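Following: one structure in structure tokens, then a few remarks.
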Protein chains: 2
Amino acid sequence: MSKQDVSISRSGGCCTPISVAALDEATASEGAAVFKALSDPIRLRLMSIIASAGAEVCVCDITPHFNVSGPTISHHLRVLREAGLVDCERRGTWVYYWPLPDRQQWISTLLSVPETTALAR
Amino acid sequence: MSKQDVSISRSGGCCTPISVAALDEATASEGAAVFKALSDPIRLRLMSIIASAGAEVCVCDITPHFNVSGPTISHHLRVLREAGLVDCERRGTWVYYWPLPDRQQWISTLLSVPETTALAR
DNA sequence: ATCTTGGTTAGACAGAAGTCAAGATAGACG
DNA sequence: CGTCTATCTTGACTTCTGTCTAACCAAGAT
């Protein structure tokens with residue numbers, strides 16, 4: 001098992017990609033939890049809707065896009081929230097969601113493939 | 001050894017991050033399947049070991065790092081293979097795995113946060 | 001206060017997923 | 001050929017997950 005300690009500081013990066021160094025168990029568990037939150041098609045679409053909106057999104061604008069019941073949407077939103085990918089706030093009658101880009105950027109960087117590694121084999 | 005279909009449907013502008021435009025259902029399902037493959041701590045560590053090795057990795061070098069049985073490792077490696085994240089080949093007595101960076105890079109880009117979007121709120 | 005609308009929580013259930021033991025398979029070596 | 005080693009597959013078991021209905025809570029309107 002080759003254990004390389006090459007620590008690359010990528011511009012805009014916030015962690016070492018898995019292509020560069022193997023993850024320790026704790027980081028793997030934490031990362032897996034975030035991936036699990038995105039491992040459902042509905043949640044991934046929810047995340048993309050919220051992240052691409054460029055503003056807070058009302059749940060009432062989200063629900064019509066899906067063919068599942070309201071409680072199911074609510075359940076998926078909670079999973080995204082508990083994974084640290086979004087946050088929400090009730091204002092008056094409505095609840096608004098917005099993305100938390102830090103977590104999203106973290107796992108994106110975790111998966112990024114540096115050029116040198118991408119050419120391996 | 002095994003060759004699943006790893007076609008990436010680049011429908012509707014493939015590498016557009018979810019922060020920029022919402023995903024269609026098909027792309028969301030495809031992306032969610034890849035995230036699901038990485039949603040287990042053992043699989044994420046397997047992926048990082050294979051991706052960071054810089055060379056093919058023998059299963060016999062992987063198994064000792066984990067506290068689960070051989071069949072379980074084999075099962076997880078199969079999941080990664082069917083997700084298009086790794087491929088393998090038997091040579092003699094041993095089976096070697098190597099990363100397929102395309103899929104990995106695809107979802108990394110999918111999650112990337114452009115500067116302008118990252119500053120939203 | 002009561003009703004209405006928007007959203008979450010609780011409970012239940014079917015199906016999916018992770019794990020292991022046992023058996024199967026593939027190749028190396030006599 | 002048979003045997004040994006490394007790995008995968010199968011089958012069973014247990015736990016987890018996605019979904020629903022029903023009930024509940026929060027805020028505004030009547």
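The shown structure was predicted, so the numbers you read here are calculated from the model rather than taken from an experiment. Naming: A, B, ... by sequence-line order, numbering from 1 per chain.
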OP1 or OP2 of [N] less than 4.0 angstrom from a side-chain nitrogen or oxygen of [X], does that happen here?
X	N	answer
A:Thr72	D:dT19	no
B:Lys36	D:dT17	no
B:Arg78	D:dT7	no
A:His76	D:dT17	no

Checklist line | Test: A:Arg91 cationic atom under 6.0 Å from A:Tyr96 six-membered ring centre, within 45° of axis | finding: yes
Quick one: label [X] by what it contacts on the DNA or RNA (base, sugar-phosphate, nothing), any heavy atom closer than 4.0 Å.
X	result
B:His75	base
A:Ile42	sugar-phosphate
B:Gly92	sugar-phosphate
A:Tyr97	sugar-phosphate

The side chain of [X] is closest to which nucleotide in this list: [options]?
X	options	value
B:Val68	D:dG18, C:dG7, C:dT19	C:dT19
B:Pro71	C:dT9, D:dA6, D:dT9	D:dT9
A:Cys58	D:dC8, D:dC20, C:dG7	C:dG7
A:Thr93	C:dG6, D:dT7, C:dC20	C:dG6
A:Arg90	D:dA26, D:dG28, D:dT19	D:dA26

Here the distance between atom C1' of C:dT8 and atom CH2 of A:Trp94, to the nearest Å, is 17 Å
Would you find more than 12 non-hydrogen atoms of other residues, nucleotides or ligands less than 6.0 Å from B:Asn67 atom CG?
-> no
What one should report as the nearest heavy-atom pair of B:Pro41 and A:Ala32 is N-CB, 3.5 Å
**Q.** Basic-acidic side-chain contact under 4.0 Å: A:Glu82, A:Lys36
**A.** no
